[in-house]
Protein chains: 2
Amino acid sequence: MSNNADKPARGRPRTLQREHVLEIAVESYWTDGLTGVSIDEICRRAGVSKPGVYREFGNEDGLKQAALERYQSTILAPLADILTDDLSFDQALRKLTDFVLLDRKAHGLPAGCLQVATCRSKHTLGKRTRESVHKFGDQTLMGLEQWIDRAKSNREFAIEIPTRTAALYIDAQIATVMELQQQGVAQDELKRVFKLALTVFS
Amino acid sequence: MSNNADKPARGRPRTLQREHVLEIAVESYWTDGLTGVSIDEICRRAGVSKPGVYREFGNEDGLKQAALERYQSTILAPLADILTDDLSFDQALRKLTDFVLLDRKAHGLPAGCLQVATCRSKHTLGKRTRESVHKFGDQTLMGLEQWIDRAKSNREFAIEIPTRTAALYIDAQIATVMELQQQGVAQDELKRVFKLALTVFS
DNA sequence: AACTTAAAATACTGTAAGGTACTTATTTAT
DNA sequence: ATAAATAAGTACCTTACAGTATTTTAAGTT
């Protein structure tokens, strides 16, 4: 978004670090919920002034949307990759399982999933954030469908299960694990639940 | 909570209809979310004054807790009954399916489940509401575990699936359907997803 | 050096919402 | 009839917070 050495730039140079603010915003929304942290608080945590944030992101909806997109393109990118990389169905399922069952707490990450949490607080979202979360949700579902269709054509997947149904089911199981992890369910129990969920395909 | 003709009562008699306010509160929180509707708005919808609500429920946490408990004891009671009634596992599963897949929209009810929604907005809950939602969640899980254990002893349930794992799984599948229904997924698709989820037991 | 441009930060405004003080009304007790 | 008790309701207080006007600062331009 900013010009790096291209244009000399006219007035006072920017010092507000968009990336830093976004990192703080992602962590804050992820940890405290989208309605659990104010812009003032994010500014305090990031060590920036409020008008700076408004100059950069427009309004609260803009900040939330940008934070969500950053979360999608960093934290959730591996998931999209698993579905598009041309792995065998079982390999992909293993990688998916590893991704979902990652012990976020042990890695210093907040529990749960910002995408899932955002999707579930539709009532309080601005327009842009809502569109963003919806778009990504649709894309993920499409990715799952294409992945399943490929598996079907490779005879790696039970043909009698409708593709969309299977995609919705897997999507839901991923969200479920994220939820349970956030609720503090032990990792080994999570693993058993997710593995049980996957037995519908074997 | 109020005395029915027992004590004569001293001062001005109550006219605030606790039950009516609770109905409105349940519907409001259910429809608009626990953070999506203010006490002012609930007062307006119920046609009562704010101090009346505070006299009756103490504070917002008290109102939310009372609304949640009412939801649990009315809307969710059938679910608890299914688990404790001494049905065969398959019969119980059929009744459970009917309950979960009830087309709430077609019955003039809000979509989704207030218990699930409340459980998922822990960040913004008061102490009493949090305790209430947690307690009911635990009870439900225990009910599921006992139901599964009974089914195991009747050889109606695969012994190799740990009881707690199965209970967490079923609980999660119910919540999933509630979520998907709230998101507007078609009823027949919902049905396919839930039936697919149940195939892990057969 | 004076002027222009644009970002930084302080300090402010407006509003929504939780909660309450105070007045008014309706009952029982003496 | 008067007093006591207690609920009802209006009008208010306080705070949190989204958003902004205004001033200050740091650059480029002439």
Side-chain angles (χ1 to χ4, degrees), chain A residues 1-21 24-25 28-29 32-67 121 123-130, chain B residues 1-21 24-25 28-29 32-67 121 123-130:
Chain A
M1 204 60 75
S2 63
N3 27 358
N4 28 333
D6 203 355
K7 289 174 191 168
R10 190 65 193 282
R12 177 172 177 170
R14 298 205 158 203
T15 58
L16 183 138
Q17 308 221 354
R18 182 186 169 92
E19 290 309 300
H20 174 63
V21 174
I24 299 288
S28 295
Y29 288 134
D32 301 325
L34 282 160
T35 58
V37 61
S38 68
I39 292 191
D40 277 306
E41 179 61 19
I42 289 175
C43 289
R44 203 190 55 71
R45 291 180 190 176
V48 299
S49 73
K50 197 151 59 154
V53 168
Y54 277 84
R55 217 176 307 115
E56 189 68 33
F57 300 101
N59 56 19
E60 192 178 33
D61 188 27
L63 176 60
K64 285 185 177 175
Q65 194 258 358
S121 55
H123 290 298
T124 51
L125 297 180
K127 196 180 170 191
R128 297 176 59 191
T129 311
R130 204 173 328 120
Chain B
M1 204 58 74
S2 63
N3 28 357
N4 27 334
D6 205 355
K7 289 173 190 167
R10 189 63 193 284
R12 177 172 177 170
R14 298 206 161 203
T15 58
L16 183 136
Q17 308 221 357
R18 183 187 168 90
E19 291 308 300
H20 174 62
V21 175
I24 300 288
S28 296
Y29 289 134
D32 302 325
L34 282 160
T35 58
V37 60
S38 68
I39 292 189
D40 277 306
E41 179 61 19
I42 289 175
C43 289
R44 204 191 55 71
R45 291 181 189 175
V48 299
S49 72
K50 197 150 60 153
V53 168
Y54 278 85
R55 220 176 304 117
E56 190 68 33
F57 300 101
N59 56 20
E60 192 180 32
D61 188 27
L63 176 61
K64 285 185 178 175
Q65 195 258 357
S121 55
H123 290 299
T124 51
L125 297 179
K127 195 181 170 190
R128 297 176 59 191
T129 311
R130 203 171 329 119

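None of the values given here were measured: they were computed from a predicted structure. Quick note on labels: first sequence line is chain A, next is B, and so on, each numbered from 1.
In this structure, of dC17(D), dT10(C), dA17(C), it is dC17(D) that holds the atom nearest to the side chain of Asp40(A). In this structure, of dG19(D), dA5(D), dG19(C), it is dA5(D) that holds the atom nearest to the side chain of Arg10(B).
Ser49(A) comes within 4.0 angstrom of a base, heavy atoms only.
Going from atom NZ of Lys64(B) over to atom C1' of dG18(C) covers 11 Å, rounded to whole Å. Spacing between atom CD1 of Ile39(B) and atom P of dA16(C) amounts to 16 Å, rounded to whole angstrom units. Straight-line distance from the OH atom of Tyr54(A) to the P atom of dA6(C): 23 Å, rounded to whole Å. Note: CZ (Phe57(A)) to P (dA7(C)) measures 14 Å, nearest angstrom. In this structure, Glu56(A) atom CD and dA9(C) atom P are separated by 13 Å, rounded to whole Å. Distance CG (Leu34(A)) to P (dA18(D)): 12 Å, rounded to an integer number of Å. Distance CD (Glu60(B)) to C1' (dT15(D)): 14 Å, rounded to an integer number of Å. Rounded to whole Å, atom C1' of dA17(C) lies 14 Å from atom CG of Leu63(B).
Using modelled atom types, no side-chain atom of Lys64(A) and backbone atom of Gly126(A) make a donor-acceptor pair closer than 3.5 Å. Looking at Asp61(B), its side chain does come within 3.5 Å of a backbone N or O of Thr129(B) through a donor-acceptor pair.
Of the residues near DNA chain C, Lys50(A) and Asp61(B), the one whose nearest nucleotide (by heavy atom distance) lies more toward the 5' end is Lys50(A). Looking at which nucleotide of DNA chain C each of Gly52(A) and Asn59(B) is closest to, the 5′-most match is held by Gly52(A).
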Problem set entry | side-chain contact (heavy atoms from CB on, under 4.5 Å) between Ile39(B) and Lys50(B), worked out | CA-CA 7 Å; Ile39(B) 292 189; Lys50(B) 197 150 60 153; 4.0 Å; yes

Short heteroatom pairs, N/O only, protein and nucleotides 21-26 of chain C, under 3.5 Å:
unit_1	atom_1	unit_2	atom_2	d
dA25(C)	O4'	Arg12(B)	NH1	3.4
dT26(C)	O2	Arg12(B)	N	3.4

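Annotation for Leu125(A) and Leu34(A): closest pair CD2-CD1, 3.9 Å, computed over non-hydrogen atoms. Shortest non-hydrogen contact noted between Ser28(A) and Arg45(A) is OG-NH1, 2.9 Å. Across all their heavy atoms, Ile42(B) and Ile24(B) have their closest contact at O-CG2, 4.1 Å. Closest heavy-atom contact between Arg128(B) and Gly62(B): NH1-CA, 3.6 Å.
Contact annotation: Arg14(A) reaches the phosphate of dA7(C) (side-chain N/O to OP1 or OP2, under 4.0 Å).
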